[in-house]
Structures are given as structure tokens and as C-alpha cells.
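Counting starts at 1 for both ligands and their atoms, in listed order.
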Amino acid sequence: MPAPDLDTIVSLSKRRGFIFPAAEIYGGFANTYDYGPLGVELKRNIREAWWRAMVRERDDVVGLDASLITHPSVWVASGHVATFNDPLVDCKKCQMRWRLDHIVEGQYGEVKRDAAGNVLCPNDNGELTEPRLFNLMFKTQVGTVADEGSVAYLPPETAQGIFINFENVVNSMRRKLPFGIAQTRVSFRNEITPGKFVFRTLEFEQMEMEYFCRPPKDRKNPVEYLALHRQWIDARLSWYRDVLGIDAARLRLRPHEKEELSHYSAGTTDIEYLFPWGWGELEGIAARTDFDLSAHAKQSGHPITYFDEETSEHLVPWVIEPAAGLTRTLAVCLIDAYSEEPDEKGDKRVVLRLRPNIAPIKVAVLPLSKNDALRPAARKVYDLIRPVWMTQYDETQSIGRRYRRQDEIGTPLCVTIDFQTVGEKGEPGDDAVTIRERDSQAQTRVPISGLLQALREKLPGC
Ligand code: ATP
């Protein structure tokens, strides 16, 4: 199915409790969103799937949760104070503000230029102002006196907290190279260009890992380092495909051109997704050499090295950094899972075909109708499942409409309790329920005594 348009996803997200525009009662607040009851579950499940793949299932990666308010020198060493800038231009005619790099990349369609070759406004071909550099970091103030010495920044990425804790982790966890440190956390960027839903927001969550390895034998031709970089690119791509179930045809790798790379970089490859508006970055896997650890050592005056017992020398490890956006990935999961199909009556059936491992609700318990005779058994089944999986109980409206509701939020399984379960007209019930599957709509009858086992088999990885 072609990608749904963004409005369809925005509207479903709000209607069904995934994502709400922030501060709506005050007229909204640009590029900020709140995650509703289902959004928060989906986000937790994606984060958990990442943590499982990056930390729990590996024996060479450990976790970290560094403070958000960071020593200002950290952002000097990392280069963010000096260079984390976007070139902004304003249209002299319609006053719209743009990022010049985005216009030039063709993000707003064909690039229009005047006779002298100057880029023109994508909205009305108006003349643009000279670009002004705008730092994306949010400033805050620590303490009661607002002066230069009290300035702190909210983190625009999670990586620096990892670098400045490198030595702590090596010493406390007795780590040997190669090993990684992983972190998931909120980041802040004062983005000024109009966002596309949660693709680009002021506050977003990232999932990052720094993988430290031995420096290559030949700095100019770091063959083994580049091979390791390749392994991480492949591992990360397969995570989107095989763990999140994202359509492989809508994923691609984009190695950065030489001109896009920083002077220290040995290469970066982005994993991109085909969004409704075109290809966009989901994750960057960067080969950052020893730049970050060396920069912090220089700025702090504190050498950051690793003692190699094999060679009895202190060395500065090289780093590979897979940096993913959690909230951007969440948008991809919604877009990619959305499908519409005709039902048996010719009406539209909307289904979110989310993998069970990330679906917010795994099982819905639905008595056939709102009836006192069904309720005790239905509540008993609900109490049985709830401690194991995220479960929803619903007895309002017709059963058909409730199935549709669950399809639309991606619930893989519904369990229905009917009069056969509880018995009718003096006849005993069979103590069995129906499991209805979201994708095939197939129904199977199982005894309540075997229900948990039957659900477990239908919910792999949950
Ligand atoms: P972009 O070019 O889209 O601004 P970037 O190259 O600046 O992204 P990185 O600094 O590499 O992004 O951050 C890693 C990941 O964090 C991105 O691939 C993306 O998934 C996510 N990310 C970055 N900025 C934002 C944002 N403003 N809102 C949501 N997610 C973001």
C-alpha cells in the first residue's frame, strides 16, 4: 500500500490517544507534542526493543543515564557552541523563514534561482536575506545570578554524556576493548523550520551508543575500523527490518558525500525511510575516530585513555556511533503499519499492522455484549491476562465496532467471551473463549485454562 498522507496519521494519533499537539487549549506550541496513553506505550516498547538489541542481548555493551544539565565546557569541547548552527534566511517578500541548507538539498521541491544564481524563496520565488547562523542549543541558567558564568545548555544529543563518563565505566565495570556504552534520553534543539509532525520537534528522544575500539594500525587506511563500521550499519538496518518489522522497500542506506563529513570523520551512513514527503534520516552511523575523547581530554586537561594490558600502553580508543531518533522512529512505525482495506461489507477497515512486540495493547478482552451474565467471566479473563501483557477491557458498542477500534490501534489479539463461555438457559458453559487475530481476522476457540499459553504462542517476543 502507498504511504498514507501525514494528515491521516496525525488525525489517527490524536483520535486514538497516541500523540496530541501540545498545549492545544492555549492555541498550541509549535513543534511540540504530548504522547498520550497509547503513544507512551508504543514509545516504551520501541525503546525497550532497542535496549534489548543493543544492551541485554550483547555482552559488550553497558548502559548509562547521564545528567541532562551539563557542564558548559562539554559543549565547547564537542564543538556545539562554535558550530552547531543552522543557516537561516528570510524571504523579503512573504517573510517566511527557511533553513538555506534544506532549500539547497531540495527539501521543498525544485531549487529556484535568480539570474545571478542566488537561491529564491520556495514559497513565492522572493529574494532571500543573507544567511544568519543560528545556534540550535537551548540555553538555561544555573543559580540565581544571570551572568556569563551561570549559562548551561540543554543537551542537543546524548553522546557527550557518554564520552565524559568513559573512564568511569572502564574502571567500574572493568571493560576491555571493544565495548559500547548505550543511552536513551531526551534531547533539545531549537529547530525553527516547520516540523513534520514528530519527525522534527524541539524536544525529542534519542537512542545512542558509542562503541569504543582499538585504534587502527594505519590511521590513513583504517581497514579494520571501517569493517567494524560496516558491521554496525548492517546490524542497525536489520533492527528496523527484523525487529520493528519496517518495510524493507521503504528503507535505504545513504553514505555521506565527502563534503558532508567533518574533518575528523572516517565516514557516516544514514538509515533513511521513505516518508510521505520523501526520504528522511532515521539514524546516522558515524565513524568518529578518536575526535571526541581527544577533544574532551584537551578541553579538560584530563587525559582520557585506555590502558592496554597486552601492549602495556595507554591508547585513545576510536569510536563508532549509531545515533537513532526514538520519537522519529515512532512516527515511522505508525506510518509504516497503517493500512486500509475493504471489509466484507465494502466499508473501510483501518488496521495498524504493528509488530506485536511494539503494539501498545497486546490483548483486548471483549465480552460479546454489555450483559451482566457475561461480565464476571470477562473480568476473570481480564484479571488473568493483565499481569502478563498490556490489556484493555471494553464492553461498549457492538462487537464489530470494538474489533475495528482495536484494529485501528494495532492490538494483535482480541479475546471474546460469549454465552457459550458462561452457559445459557440453565445449560453449563464450556469455559472457553474466542481469540480473534487482527491481521487474518481468524478466530480460534480455546479453553480458559489454556488461554495464557495460546496467547503466548501468538505473541512472539512480547
Ligand atoms: P536532521 O538532518 O534530520 O536534522 P541530524 O543529522 O541533525 O538530523 P543527528 O544529530 O544525527 O540528526 O541525530 C540522530 C537522530 O536523532 C536523527 O537521525 C533523528 O532520528 C533524531 N533527531 C535529530 N533531530 C531531531 C528532531 N529535531 N526531532 C526529532 N528527532 C530528531
Is there any N or O on L282 that sits under 3.5 Å from an N or O of ligand 1? yes

More than 12 foreign heavy atoms under 6.0 Å from CZ of R132: is that the case here? yes

Using 30° and 60° as the class boundaries, would you call the ring planes of F307 and H314 parallel, tilted or perpendicular? tilted

Of all the non-hydrogen atoms in the protein, which one sits nearest to atom 22 (N) of ligand 1, and at what distance? F204 CE1, 3.5 Å

For atom 28 (N) of ligand 1, what's the nearest protein heavy atom and its distance? T201 N, 3.0 Å

Which of the listed options, F199, Y273, F197, F84, holds the heavy atom that is closest to atom 29 (C) of ligand 1? F199

G284 versus ligand 1: do any nitrogen or oxygen atoms come within less than 3.5 Å of each other? no

Does a side-chain N-to-carboxylate-O contact under 4.0 Å join R355 and D336? no

Angle class for the H296/F163 ring planes (parallel below 30°, perpendicular above 60°, tilted otherwise)? tilted

Those residues that, when tested against E157, pass side-chain contact (heavy atoms from CB on, under 4.5 Å) (two or more places apart): W75, H80, A159, Q160, R189, Q206, E208

With sequence neighbours left out, what residues match N357 under side-chain hydrogen bond (donor to acceptor under 3.5 Å, both in side chains)? none

Taking all non-hydrogen atoms of both residues into account, name the closest pair between E48 and R56 and its distance. OE2-NH1, 2.7 Å

Just need the protein heavy atom nearest to atom 4 (O) of ligand 1, so name the residue and atom and give the distance. R200 NH1, 2.8 Å

The option among E281, E283, M207 carrying the non-hydrogen atom nearest to atom 17 (C) of ligand 1 is E281

Just need the protein heavy atom nearest to atom 21 (C) of ligand 1, so name the residue and atom and give the distance. G325 CA, 3.6 Å

Ligand 1 and T327, any nitrogen or oxygen pair closer than 3.5 angstrom? no

Under a 4.0 Å threshold between the charged nitrogen and the carboxylate oxygen, would R15 count as salt-bridged to E408? yes

Proximity of D270 to ligand 1 by residue part, where a heavy atom lies under 4.0 Å: neither

Would R438 and D407 pass as an ion pair if we require N to O under 4.0 Å? no

As an exercise, identify every atom of ligand 1 less than 4.0 angstrom from a heavy atom of E191. 24 (N), 26 (C), 27 (N)

Among E208, E157, R189, the residue with a heavy atom nearest to atom 9 (P) of ligand 1 is R189

Checking heavy atoms under 4.0 Å, the part of Q206 that sits near ligand 1 is side chain

